[in-house]
There are 2 protein chains.
Amino acid sequence: MANMRETIIAVSIDLFHRKGYFATSVSDIARGSGIQKASIYYHFSSKEDLLYHIMRATMVDLNGYLTRNLSGIEDIEARMRVAVRSHVRFHLERQKENFIANSELRGLTAEHFRDIVTLRDAYEQVFQQLIREGASQGTFVHGDAKLLSYAILTLCTAGAAWYKPEGRLTAEQISHIYERFVIAGLKTADAGLFQGAP
Amino acid sequence: MANMRETIIAVSIDLFHRKGYFATSVSDIARGSGIQKASIYYHFSSKEDLLYHIMRATMVDLNGYLTRNLSGIEDIEARMRVAVRSHVRFHLERQKENFIANSELRGLTAEHFRDIVTLRDAYEQVFQQLIREGASQGTFVHGDAKLLSYAILTLCTAGAAWYKPEGRLTAEQISHIYERFVIAGLKTADAGLFQGAP
DNA sequence: GTCTATAGAGTGATAGAC
DNA sequence: GTCTATCACTCTATAGAC
């Protein structure tokens, strides 16, 4: 870890994941980084600024990863398979950051909160659009795209949360399991199953 | 709210849900309850004791609700349908407490943490046993019962988290939607889908 | 059962030397 | 870029009066 700024970020990701944002003090981060707590403020203007930076980088990378993986693929079902695999793999590979991004939104200022939610909404829109296109061309069931997208994403996000790298399955195997499960649900659930939604 | 102890619990559930356990101070709870913070300690020995009480009551009630709903039902598929509906309905009716029980485990002492996790494990075992029995009699697919139970429970728990009481669907309608979705998944997912697990 | 008062420790953040 | 020192405040929890 050549760069102190990167060290602080890595230490913070680890602590925010293990103890939570509010339970982690700037002193904890400084101790883990091997510097005094005042030195943290040379690199970041506040503890919240550090949280925001971690969350924003995670969401931007998540969106970028999905866009890259989808580029050049035309078939709707193939695009959905790729989207699910992309989501699961990203969450498995950057487990701690994604856990933070999903659980520490309350630590952000109102302005930063809005920014992160906007990025999250854009990501969910990709899945909802795929569900709508798949339904209109008869590949997927007709149902509330918003509720369906939440179901798909939370199922996969939660799956990634209990994954242990030293476990029996590789990230590749797990992403295939969820890909097949979601596609099965989108094709076989009886019509009207997800009609109406919050 | 005749009883001050009950008032403190209700106020704490609201604050822990809205702001999180660590971001909520004993002063906040006292202010919400209309007393001085020192008076909180007449009713509870510590802030953690209050969190533990809320979590334990929620888990005990969750288990009791499931047991009552399952009593007298023999058929495996019918039992699974009832179990899923029971889970979803309980999470919709006591949304805040369940959210706390699922997200504030880090606030507990090691001893209390173990106690809550034991209760949660017992609850999950009911679902895993149903999955195993259904598979052995040919009603459900064969697959890793643990991974399947996690998928079912987190899908339904997450669904309950974004539910808004003033929304379009009633708790009854939502619990039916999830019941049908889970049963469809348990009956139609191709064999080997959930083989192997964390 | 609830109050006032306070102990004792830790918090996020800043000033200014080097 | 990192340090020491410190500000101003908040936190959980307790003591003891009423």
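Proteins come first, then strands; the chains are lettered A, B, ... in the order of their sequence lines, and each starts at number 1.
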According to side-chain hydrogen bond (donor to acceptor under 3.5 Å, both in side chains), who are the partners of [X], at least two apart in sequence or on a separate chain?
X        : answer
A/Arg106 : none
A/Gln137 : A/Thr139
A/Asn63  : none
A/Asp75  : none

Self-check item: Qualifying side-chain hydrogen bond (donor to acceptor under 3.5 Å, both in side chains) pairs, either residue in residues 31-40 of chain B, two or more places apart
Solution: B/Asp28-B/Arg31
Quiz item: So where does chain A start and stop touching DNA chain C, 5' to 3', when the test is distance under 4.0 Å to a non-hydrogen atom?
Solution: C/dT11 to C/dA15
Quiz item: Can you name the ring-ring contact (aromatic ring centres under 6.0 Å, His included) partners of A/Tyr41, sequence neighbours left out?
Solution: none
Self-check item: Proximity to DNA chain C (any heavy atom under 4.0 Å), residues of residues 26-50 of chain B only
Solution: B/Ile35, B/Gln36, B/Ala38, B/Ser39, B/Tyr42, B/His43
Self-check item: B/Thr109: side chain to side chain contact (heavy atoms under 4.5 Å, CB included) partners, not counting sequence neighbours
Solution: B/Glu48, B/Glu111, B/His112
